[in-house]
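Right, one structure below, let's go through it.
Counting convention: from 1, in listed order, for ligands and their atoms alike. Being a predicted model, the structure only gives us computed values, none of them experimental.
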Amino acid sequence: MSTKESKNPFDSYVKNLELCAEKLKLDPGIVKRLKYPRRILIVSCPVKMDNGEIEVFTGYRVQFNEARGPYKGGIRYHPNVNLDEVKALAAWMTIKTAVIDIPYGGAKGGITCNPLKMSPGEIERMTRRYAFMIKDFIGPYIDVPAPDVYTSGREMAWIMDTYSMAVGHKVPEVVTGKPLEIGGSLGRESSTGRGLAICTREACKKLNIDIKNATFAVQGYGNVGIWGAQILASWGAKMIAASDSKGGVYDSKGIDPKKLLEHKEKTDKVQGYPGAKSITNEELLTTKCDILLPCALENQITGENAARISCKIIGEGANGPTTPDADEILYKNNILLLPDVLANSGGVLGSYFEWLQNLQRDTWTEEDFNKKLLDKMVKAFNGVYDMSQKYKVNLRTGAYMIAVKRITDATEKLGLFP
Ligand code: NAD
């Protein structure tokens, strides 16, 4: 463990890439191409605020790689959005779409802003201006954005509308994660949490853990964490701890995920849930349980706290919650870590299903959607697991090896222009 651990998420990506290139004995020229984004767009978006003053927000769209299909990735609104973070998220999307084996590349976008301190009108004007400024660089066959932290179907609807007005006809397939009324898909909202739950259940089978007797803890009780918890609980697993940005709760007798959601909707936090003890986020991460689901932000499990993690399986619902130093410690401690590029790929898989329906002007039932999701997730999990067993590496390296092989094979077949 190094004492000066890098917290730059793009460094984590490059480190994982190099590790996997070494194992696969890849051509250094091809690996070099995977260290750079194809295109970075930085825009300044002037917005008239409610008080009449003009504010200028910086927006990004990083298109990382499109060897396997159109760029694909979410748009994040957060005060910490910066180029390194967006680059890392775009690179992870490239790996993720290849791990789950759908015909997309990887991209990500974001605006540095604090949407919690902005009115809906201000957010709409900022979103539409950003959409207009990137409109020539996105499109159903070019780059298809989706929601991420602090963006949702509402923002996707504004982007779709702005884009459609610019091109002169409705283009629902330009974004995914839309509301149902304008081309969204049944099943999409729960797809990330469902994919996470499916991967976790498959991992339990490998470790001979009966899901019905398994206990789990969720860091980040938001979209991914809530759906993951509800689906695992529907299979009999018991949630014993959960947290959000304001702190956590613990009850060894079990916490009902639906009732905790009702409590959070009423009080805006998980703490104060009847009968449960208040704990800190640090305590949540080190809770003794079978399954730990980090579903909040990056860099939560680090070289400093990894040795104190006390579970058998970690399912990364969030992107980048574990640093490379922590990965090494967890692997040595025999903790099976399901990496983000596999464990939360149900989200982009769900987006792909929505895009397919839009392109064909078709609608699937939720049952159909969930069945297709299950099949693809199980196949991806087993592919990654087998690769990690074959090369005696952790699942993250196994996932990267599968993805990088698919991307480099496509890159080689396409050739290099000119
Ligand atoms: P969200 O905003 O719905 O939920 C995030 C939750 O984390 C909130 O409850 C928030 O209070 C909590 N949180 C924030 N900081 C925290 C902290 N320090 N400790 C504990 N909890 C904290 O966001 P989401 O859509 O669920 O996304 C969560 C993560 O999952 C992100 O990393 C995102 O990139 C990733 N992800 C989301 C999707 C998706 O479809 N929503 C898909 C793939 C990956």
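Within the set Asp268, Asn223, Asp244, Asp148, the minimum heavy-atom distance to atom 25 (O) of ligand 1 is found for Asn223. Residue Gly317 holds the heavy atom nearest to atom 36 (N) of ligand 1 of all those in Gly317, Gly346, Gly347.
Using a 4.0 Å cut-off to heavy atoms of Gly220, the atoms of ligand 1 that qualify are 6 (C), 7 (O), 12 (C), 21 (N). The distance from ligand 1 to the heavy atoms of Ser243 drops below 4.0 Å at these ligand atoms: 20 (C). Counting the atoms of ligand 1 from 1 in the order shown, those under 4.0 Å from a heavy atom of Gln219 are 19 (N), 20 (C). Every atom of ligand 1 is numbered from 1 in the order shown, and the set under 4.0 Å from a heavy atom of Ala296 is 7 (O), 13 (N), 16 (C), 21 (N), 22 (C), 28 (C), 29 (C), 31 (C), 32 (O).
Under the 30°/60° scheme for interplanar angles, the aromatic rings of Tyr352 and Tyr104 are found to stand perpendicular. Using the six-membered ring where Trp is involved, His78 and Tyr150 have ring planes that are parallel, under 30° apart on the 30 and 60° scheme.
The N/O atoms of Val224, backbone and side chain alike, include one that comes under 3.5 Å of an N/O atom in ligand 1. On a distance-only criterion, Arg76 and ligand 1 share at least one N/O pair closer than 3.5 Å. Between Thr192 and ligand 1, at least one pair of N/O atoms sits closer than 3.5 Å. Considering backbone and side-chain N/O of Asn344, none are found under 3.5 Å from N/O of ligand 1.
Remark: Lys48 engages no residue in a salt bridge (charged side-chain N to carboxylate O under 4.0 Å, His left out) (not counting sequence neighbours).
Protein heavy atom in closest approach to atom 4 (O) of ligand 1: Gly222 CA, 3.2 Å.
A salt bridge is defined here as a Lys NZ or Arg NE, NH1 or NH2 lying under 4.0 Å from an Asp or Glu carboxylate O, and Lys253 with Asp251 meets this definition. With respect to the salt-bridge test (charged N to carboxylate O, under 4.0 angstrom), the residues Asp148 and Lys108 qualify.
Because its NZ or CZ atom is not both nearer than 6.0 Å to the ring centre of Trp235 and within 45° of the ring axis, Lys212 does not count as a cation-pi partner of that residue.
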